[in-house]
Amino acid sequence: MNILFIGDVYGNRGREAVRDFLPSLKNKYKIDFVVGNCENATHGRGLSLPHYKELRSYGIDAITVGNHFFFRNESNSYFVNTPELIRPYNLISGTAGIGSRVFNVNGISIRVSSILCKVWMKDFGQKNIYQAMDELLEKEEKTNIHIVDIHGEATAEKIAFAHNYASNVSAILGTHTHVQTADEDIFDNHCGYISDVGMTGPYESVIGANIEQVIVRSKSSPNGPLDVSYSSPQFNAVLLEVDEEGKCHKIERINIRPGRDY
Ligand SMILES: [Fe+2]
Ligand SMILES: [Fe+2]
């Protein structure tokens with residue numbers, strides 16, 4: 001089973017990158033299932049229902065989000081009726097949406113889950129990530145293949161979490177920082193890991209935003225305008241090779257950027 005996991009899709013350029021690169025990647029790597037973190041797909045903040053539908057139409061099978069889940073009020077209503085969308089599992093009870101879902105791919109069940117970190121992250125009332133993951137593994141129906149999006153700022157928090165659950169799941173993939181790390185590995189000879197998959201969106205940017213505006217805000221005007229950058233896109237993802245028992249045999253980084261062949 002070849003699984004592609006796309007890092008945070010950001011704004012218009014991110015959506016265009018998915019549209020332009022995903023079909024050829026699917027063909028080249030014979031990809032069976034695509035997961036995409038799309039928490040920044042709508043102007044860098046959140047995911048609107050039209051953009052959810054747009055990204056699904058480009059071939060993303062399962063969509064995760066993260067802290068930007070909270071930036072769009074309409075999320076609360078439409079997340080209830082979007083069967084391919086996974087919000088963080090460890091949110092307070094009563095939050096709309098579902099944090100772990102099972103997808104059927106050619107007769108094989110794949111679970112996709114999302115966990116929102118706590119270190120250096122805004123407090124949304126998210127539960128301790130270990131308590132939440134223990135609860136998830138205990139309560140939810142077990143599948144051999146299980147992909148976890150660990151959404152957070154601190155690499156150490158993500159690495160420790162991954163070591164703790166490496167024998168339980170097929171992959172633990174970091175998102176949120178928007179910068180692809182080069183530490184892809186297979187933990188416990190079973191679980192694919194990377195601290196951050198990286199961002200799919202404008203390449204010449206500060207993690208997606210307009211460079212000049214970020215500098216002005218940092219120097220002198222913290223409340224100055226901040227827009228999405230419209231530079232040419234980059235596409236960041238990892239490719240996983242997972243067997244039917246749920247063991248990950250290979251994790252490979254994909255980093256497409258302007259001027260670089262892929
Ligand atoms: Fe993000
Ligand atoms: Fe985030």
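Both counts, for ligands and for their atoms, begin at 1 and track the order of listing.
Put simply, H68 stays out of reach of the Fe ion (ligand 2), with no N, O or S atom under 2.8 Å from it. The Fe ion (ligand 2) lies at 2.8 Å or more from every N, O or S atom belonging to T175. Among the atoms of H178, an N, O or S atom falls under 2.8 Å from the Fe ion (ligand 1). Checking N40 against the Fe ion (ligand 1), an N/O/S atom falls under the 2.8 Å cut-off.
Side chains of Y230 and S232: no donor on one and acceptor on the other come within 3.5 Å.
Looking only at distances, no side-chain donor or acceptor of Y193 sits under 3.5 Å from a matching main-chain atom of H163.
Minimum-distance N/O/S atom of E39 relative to the Fe ion (ligand 1): OE2. Note on H176: its N/O/S atom closest to the Fe ion (ligand 2) is ND1. Per residue D8, closest N, O or S atom to the Fe ion (ligand 1): atom name OD2.
Between N37 atom CG and N236 atom CG the span is 12.0 Å, to the nearest 0.5 Å. We find the OH-OG distance between Y89 and S113 to be 8.0 Å, quoted to the nearest 0.5 Å. In this structure, CD1 on I129 lies 10.5 Å from NZ on K158, to the nearest 0.5 angstrom.
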Subject >> Steps toward side chain to side chain contact (heavy atoms under 4.5 Å, CB included) verdict (S229, R13) >> reply: CA-CA 8 Å; S229 165; R13 289 289 181 262; over 6 Å; no

